[in-house]
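Everything on this sheet refers to the single structure shown next.
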Amino acid sequence: MEFIAKSNMLIKFTEVYIIKFAHLQINRMEYNFREIEQKWQQHWAEHKTYKALDNSDKSKYYVLDMFPYPSGAGLHVGHPLGYIASDIMARYKRHKGFNVLHPMGYDSFGLPAEQYAIQTGQHPAITTEQNIKRYREQLDKIGFSFDWDREVRTSDPNYYKWTQWIFIQLFNSWYNPESDKAEPIETLIKKFKNLSPNSSQNGEGNNSSLNIPEILKNKRWNELSEKEQSDILMEYRLAYLSEAYVNWCPALGTVLANDEVKDGVSERGGHPVERKLMKQWSLRITAYAERLLKGLDIIDWSESIKEAQRNWIGRSEGTSLKFEIDGYNAEVEVFTTRPDTIFGVSYLTLAPEHELVEKITTPEQKEKVEAYITYAKNRSERERQADVKKVTGEFTGAYAIQPFTGKQIPIWVGDYVLAGYGTGAVMAVPAHDSRDYAFAKTFNLPILQVVEGGDISKEAYDTKEGKIINSDFLNGLEVKDAIKAAIAEIEKRGIGKGKINYRLRDAVFGRQRYWGEPIPIYYDNEIPKAVDEKHLPIILPEVDKYLPTEDGDPPLARASEKWKYQGKYDYEFTTMPGWAGSSWHFLRYMDPKNEKEFVSKKAAEYWKEIDLYIGGAEHATGHLLYFRFWTKFLKDLGYISIEEPAKKLINQGMIQGTSAIIYRVNGTNKIVSAGLKNKYDAVAIHIDVNLVDNSIVNIEELKKWRDDFANAEFELENGKLICHHEVEKMSKRWFNVVTPDSICEKYGADTLRLYEMFLGPLEQHKPWNTNGITGVHNFLKKLWRLFHSENGISNEAASKAELKALHKCIKKVNEDIERFSFNTSVSNFMICVNELSDLKCNKREILEPLIVLISPYAPHIAEELWSKLGHTESIEYVTYPVHNEAYLTEDNFNYPVSFNGKMRFNIELPITLSPKEVEEAALSAPEAQKWLEGKTPKKVIVVPKKIVNIVV
RNA sequence: GCGGGCGUGGCGAAAUUGGUAGACGCACUAGACUUAGGAUCUAGCGCUUCACGGCAUGGGGGUUCGAGUCCCUCCGCCCGCACCA
């Protein structure tokens, strides 16, 4: 008895032991991503695995992300999408033997930190620092291969010192239209000094495109006062101070650049924007309009971005033309693209802001015109844009002289003419321009047809086709030829000339804000001067409040009395806009610690331009235009040698949120499953998406999430509470924010990386949906299992089938990466691992290259498995596998043969056959013979490797 | 209005130059192994038909032996610019 009991116990004991042991073994085999990822992230940081070398014989590859603004909300799952793609590229290129520059930084000046500072009084530098810390933690969890030693922050004085320095270079430069590049302002001064007064009209520079200021036609440069000289140079400097109409946003208390205004409201915050005449610092980006346009042809950017920039630059060829004003010693200059319709002009229209309006308005019309101007000024941009159809205007009482007929034509004021474009005045040809037509119809002005075609009693005929009529010397010409003839005649008479106009405006550069780079300018007797370079950086001073002063001066005016240049001169009080620091960050990464230069010549020569730039398309007409502009400028001054900053640009799509919605029966505390909601009068409630798994709500978690659900009654479907989904912007407001941290915690960084790529094409907008993530997670588990079979790793030679599975994958993945199709490569990994699993492959010969192949996508698991295979060096330094065509083609393919869609069969042929032999074999196959029955084939089409068609 | 992009199963999506449309994944169905599984494995899964087959890439037309892919046209969606003379 005792013995039996004992042996039973022994058996039991053994069983328990075996189970325990098995359990241990399973544990050892399990894919423990948390442990692995932490281990390798630490390893990479300690060993500086991803350090980019400044001196290398290797070819360089520069892959850059648009750096983030570190907001308080932290990263959500949409932010890293582009970073993951660029990281894959960086790792792939390292495997391919490139010296890769893959840095990251922070665009850390900006509005939100300042708004927060205004509310709380906390210095923006502190919140920014906290946010950066949080960002870094989040980024580190995803396992990026950034070279963090090269980190830059735009709000760091060591960085903005050089932003200020570049501003000074802009201030000290002008654009020479003759050499077609920026030059030091001294070369312009020299030109002015050499001018001899009174002869300048037909002097040496007669045909030059350089406009000589009026005053120099009577006086020598040296005779001018310092103030006069300064004022003249301001008209040429690339960074200049001028009085101009700007987009003023009262709510934000600052001016905004055109690209920061959308539909008449501020892009940030959506506050109304009005036009205001202000003295402002601007950058003369218009000087670069033509080069910015031309450069688009040589860069590999998406068509939509290039079109957006072309649109924004808005080149249009036409003619400037002067009309004398009857009874005044004055002229109105207009710009037109249709000089061929000059004989159809029935009136001129001036913009309400036009300087001549006041001068030429007759006493009888004065009251009306003034009332109109007041009305036009008080209309906000938004109102004006909203009712474009509403035609308004007023007659000035003055008349202009049609230069060819000598006839009087009335001059009107109308706000459909924009002050900022062309000359702010148009010659109105109602018959051939729909806007002039609407105006003429409203105010009963004559409509004279001068181009044949259309029905001008109904609408304007604005097509640029047809014969010119009623037009003296232009009669009978086609529109195209008439334009040329008209320009020639206009130029001959000296009343105008051919001209190219751009829609692009100079970029307003000053912001009435605190949290930005101080503009390195001081005022000496009201004359703005650049601070000496050796005094840079001008450190952002401390202020008591981050608000404008009572006098309406910007916050910097609050700085203490000691904040003066050289102890006596006032500084400029506005700061630079957000896009200043981001306009050159790509250069600083090349040489981030340099204290003597913004970038050394040597580093700039080696790294040249960005090979791949990844970021959002929302910067199309902002950052992406400005950083091209600064690049061209710095090239002109000889500091760098590239004309375009980024060879290739990819705009990653936005990841939207998938909101979860449940239904509560109105007036009760009863929650019903989505399928049952139509039975009731139910209201939709957004709930936290993290409480939901595959549309099934975790009721226990829901009850904890919000008090009102704790005691709710639930009506379920098959025991489950199902929710509905809606695609919305990812935002706290909709409880649909998913953070990368939560995904890393649950599935690991490698799964996150793979899944973000797997979600769909990189450039496409797509909603985040965690449902499919188990698929890629399972793939990693399966991959892990391949390396942990019962028999361990075998050194046996691989079979044909195994080799084929591997090499097919290598080929496809290489192709996928080269064409930035990251989503398909994830599928290709899955196919390969499935095939190898089916083959129970545990061979080193296969698994080693496989893991290298996957490592750019899933670096942590790759490093772990690589070290398990006995390697001590990081997988990052291993050469990327190359596919072997032989493994792909050795066995037989099937060749289907089809005829006219009527009949189809497959025959098996060896791959080794030439196309000719394939053709012969196809024709002699029994199926083909039977079908042909003596007919002679007219055409045999052999498509390599795929299909043979026989046509009779 | 002008310009750019897109339209493929229940869902995310593949299809490199025109060449067996729907790879891969999710969801779903059935089964195996399990005390159990939210683990793993096997099979099925565009529509239609009992089946052979037929029909399918927004609609219509064209080119071609062959069209998701090229051309024309219409419809729908997204994005950018918008009184730019």
Side-chain angles (χ1 to χ4, degrees), chain A residues 26 30 262-263 302-312 314-316 318 334-338 341 349 384-385 387-391 414-418 420-429 432-436 438-439 462 501-505 617-618 620-621 651 654 693-696 725 754-755 758-761 763-767 769-776 778-779 781-782 785 812 815-816 818-819 821 823-832 834 837-838 894-896 898-902 904 906 938-952:
Chain A
I26 285 162
E30 229 167 52
K262 295 263 143 79
D263 302 321
S302 76
E303 219 30 63
S304 64
I305 294 278
K306 291 208 242 182
E307 269 310 306
Q309 294 208 348
R310 284 191 192 109
N311 233 318
W312 191 257
R315 183 183 200 272
S316 104
V334 302
F335 173 77
T336 177
T337 55
R338 295 294 302 274
T341 61
T349 314
R384 209 176 58 78
Q385 284 181 14
D387 44 31
V388 158
K389 294 228 163 62
K390 191 174 163 193
V391 178
D415 74 350
Y416 81 97
V417 177
L418 303 175
Y421 183 76
T423 58
V426 300
M427 60 174 227
V429 185
H432 306 291
D433 182 289
S434 51
R435 295 151 305 180
D436 297 341
F439 196 84
D462 47 17
N501 236 325
Y502 299 92
R503 218 177 54 104
L504 185 71
R505 290 294 106 80
E618 66 273 19
T621 51
N651 301 115
M654 209 172 35
D693 197 6
N694 272 329
S695 302
I696 301 162
H725 293 289
L754 282 164
Y755 187 56
F758 184 71
L759 220 45
E763 308 206 48
Q764 197 170 295
H765 295 306
K766 51 212 167 231
N769 190 334
T770 313
N771 286 352
I773 201 164
T774 50
V776 291
N778 285 344
F779 154 72
K781 287 201 270 190
K782 219 165 180 175
R785 258 181 268 130
K812 292 203 162 166
E815 286 165 359
D816 291 339
E818 295 291 347
R819 63 191 168 102
S821 180
N823 53 330
T824 51
S825 42
V826 180
S827 291
N828 285 320
F829 292 144
M830 290 178 180
I831 294 167
C832 182
N834 282 344
S837 284
D838 290 347
N894 282 341
Y895 285 83
S898 64
F899 327 79
N900 254 353
K902 286 284 177 203
R904 174 179 290 170
N906 298 337
K938 208 195 305 181
K939 194 152 67 162
V940 179
I941 298 156
V942 182
V943 180
K945 292 184 193 172
K946 289 272 178 171
I947 286 174
V948 181
N949 291 298
I950 304 170
V951 187
V952 190

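Naming: A, B, ... by sequence-line order, numbering from 1 per chain. Computed over heavy atoms, backbone and side chain alike; hydrogens, waters and symmetry mates excluded.
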Rounded distance in Å - CE (Met830(A)) to P (rG25(B)):
7 Å

Give me the distance, rounded to whole Å, that separates rA23(B) from rG68(B) when you measure between the C1' atoms they each carry.
15 Å

Strictly distance-based, threshold 3.5 Å: is any side-chain N or O of Lys782(A) a donor or acceptor partner for the main-chain N or O of Met830(A)?
no

Please check: side-chain N/O of Gln309(A) versus main-chain N/O of Ala620(A), any donor-acceptor pairing under 3.5 Å?
yes

Please determine if a side-chain N or O atom of Arg785(A) lies less than 4.0 Å away from the OP1 or OP2 oxygen of rC41(B).
yes

Take the protein atom CZ of Arg315(A) and the nucleotide atom P of rA85(B), then report the distance between them rounded to whole Å.
12 Å

Round to a whole Å and report the spacing from CG of Asp433(A) to C1' of rC83(B).
9 Å

Looking at His765(A) and Met654(A), would you say the former's side chain and the latter's main chain have a donor-acceptor pair under 3.5 Å?
yes

Chi class for rG62(B): syn within 90° of 0, otherwise anti:
anti

Give me the atom names and distance for the closest heavy-atom approach of Thr349(A) to Gly414(A).
CG2-N, 3.5 Å

Expressed as a whole number of angstroms, how long is the span from Glu30(A):CD to rA39(B):C1'?
9 Å

Tell me whether the OP1 or OP2 atom of rA14(B) has a side-chain N or O from Asn828(A) closer than 4.0 Å.
no

Determine the contact category for Asp816(A): base if any of its heavy atoms lies under 4.0 Å from a base atom, sugar-phosphate if only primed atoms, P, OP1 or OP2 are that close, otherwise nothing.
nothing

Separation of the P atoms in rG60(B) and rC81(B), to the nearest angstrom:
36 Å

Phosphate OP1/OP2 of rA13(B) contacted by Gln764(A) side-chain N/O (<4.0 Å):
yes

Using whole Å, what does the distance between atom P of nucleotide rC26(B) and atom OH of Tyr755(A) come to?
10 Å

Sorted by chain and residue number, the side chain to side chain contact (heavy atoms under 4.5 Å, CB included) partners of Ser302(A) (sequence neighbours excluded) come out as Ser304(A), Ile305(A), Asn651(A)

List the steps, then state whether side chain to side chain contact (heavy atoms under 4.5 Å, CB included) holds for Glu815(A) with Thr824(A).
CA-CA 10 Å; Glu815(A) 286 165 359; Thr824(A) 51; over 6 Å; no

Between CG of Leu418(A) and P of rC81(B) the distance, given in whole Å, is 16 Å

Of Ser827(A) and Pro761(A), the one whose closest RNA chain B nucleotide lies more 5':
Pro761(A)

Please report, rounded to the nearest Å, how far the P atom of rC78(B) is from the CE atom of Met654(A).
13 Å

Do any N or O atoms of the protein come closer than 3.5 Å to N or O atoms of nucleotides 2-4 of chain B, and which pairs are they?
from   : atom 1 : to        : atom 2 : distance (Å)
rG3(B) : O2'    : Glu307(A) : OE1    : 3.1

Using the closest heavy atom to pick a nucleotide of RNA chain B for each, name whichever of Asn834(A) or Tyr502(A) lands nearer the 5' end.
Asn834(A)

Using the P atom in both, what is the distance from rC11(B) to rC2(B), to the nearest Å?
34 Å

Rounded to the nearest 0.5 angstrom, the OG-CD distance for Ser825(A) and Glu818(A) is 11.5 Å

Classify Asp436(A) by what it touches in the nucleic acid, base, sugar-phosphate, or nothing, heavy-atom distance under 4.0 Å.
nothing

With respect to the phosphate group of rA15(B), does any side-chain polar atom (N or O) of Arg819(A) fall under 4.0 Å of OP1 or OP2?
yes

Spacing of the P atoms in rU57(B) and rU8(B) (rounded, Å):
11 Å

Test Tyr421(A) against Asn501(A) for side chain to side chain contact (heavy atoms under 4.5 Å, CB included), laying out the working first.
CA-CA 8 Å; Tyr421(A) 183 76; Asn501(A) 236 325; 3.7 Å; yes

Nearest non-hydrogen partners of Thr341(A) and Met427(A), listed with the distance:
OG1-CE, 3.9 Å

Please measure how far the P atom in rG9(B) lies from the corresponding atom in rU17(B), and state the result in whole Å.
23 Å

With rounding to whole Å, what would you report as the distance between rG12(B) and rU63(B) at their P atoms?
35 Å

Does Thr824(A) make a side-chain N or O approach to OP1 or OP2 of rA13(B) shorter than 4.0 Å?
no

Could you check which of rC83(B), rC26(B), rC24(B) has an atom nearest any side-chain atom of Ile831(A)?
rC24(B)

Would you check if there is a donor-acceptor pair between the side chains of Ser821(A) and Asp816(A) at a distance under 3.5 Å?
no

Lys306(A) near the nucleic acid: base, sugar-phosphate alone, or nothing, with a heavy-atom cut-off under 4.0 Å?
nothing

By the 4.0 Å heavy-atom rule, please label Asn778(A) as base, sugar-phosphate, or nothing.
sugar-phosphate

Under 4.0 Å between a side-chain N/O of Tyr421(A) and OP1 or OP2 of rA85(B), yes or no?
yes

What is the distance, to the nearest angstrom, from the CG atom on Leu759(A) to the C1' atom on rA13(B)?
10 Å

Once you apply a heavy-atom cut-off of 4.0 Å, does Val776(A) come out as touching a base, just sugar-phosphate, or nothing?
nothing

What integer number of Å spans the P atoms of rG7(B) and rG59(B)?
13 Å

rG44(B) and rU35(B): how far apart are their P atoms, nearest whole angstrom?
28 Å

Please determine whether side chain to side chain contact (heavy atoms under 4.5 Å, CB included) holds for the pair Val426(A) and Tyr416(A), giving the CA-CA distance in whole Å, both sets of side-chain angles, and the decisive distance to 0.1 Å.
CA-CA 10 Å; Val426(A) 300; Tyr416(A) 81 97; 4.2 Å; yes

If a pair means Watson-Crick or G-U wobble with both distances below 3.5 Å, what does RNA chain B look like in dot-bracket form, with | marking bases paired to a different strand?
(((((((..(((......[....))).(((((.......))))).(((....)))..(((((..]....))))))))))))....

At under 4.0 Å between heavy atoms, what does Pro767(A) touch on the DNA or RNA strands: base, sugar-phosphate, or nothing?
nothing

Under-4.0 Å salt bridge between Glu307(A) and Arg310(A):
yes

At 4.0 Å (heavy atoms only), tell me whether Asp838(A) reaches a base, stays on the sugar-phosphate, or touches nothing.
sugar-phosphate

Taking any heavy-atom pair under 4.0 Å as a contact, classify Arg310(A): base, sugar-phosphate, or nothing.
nothing

Selection from rA85(B), rA13(B), rG25(B) that lies nearest to any side-chain heavy atom of Val417(A)
rA85(B)

Donor-acceptor pair, distance only, cut-off 3.5 Å: does the side chain of Lys781(A) make one with the backbone of Phe779(A)?
no

Just to confirm, is there a sub-4.0 Å distance from OP1 or OP2 of rU40(B) to any side-chain nitrogen or oxygen of Lys781(A)?
yes

Within the pair Asn823(A) and rA14(B), is there a side-chain N or O less than 4.0 Å away from OP1 or OP2?
yes

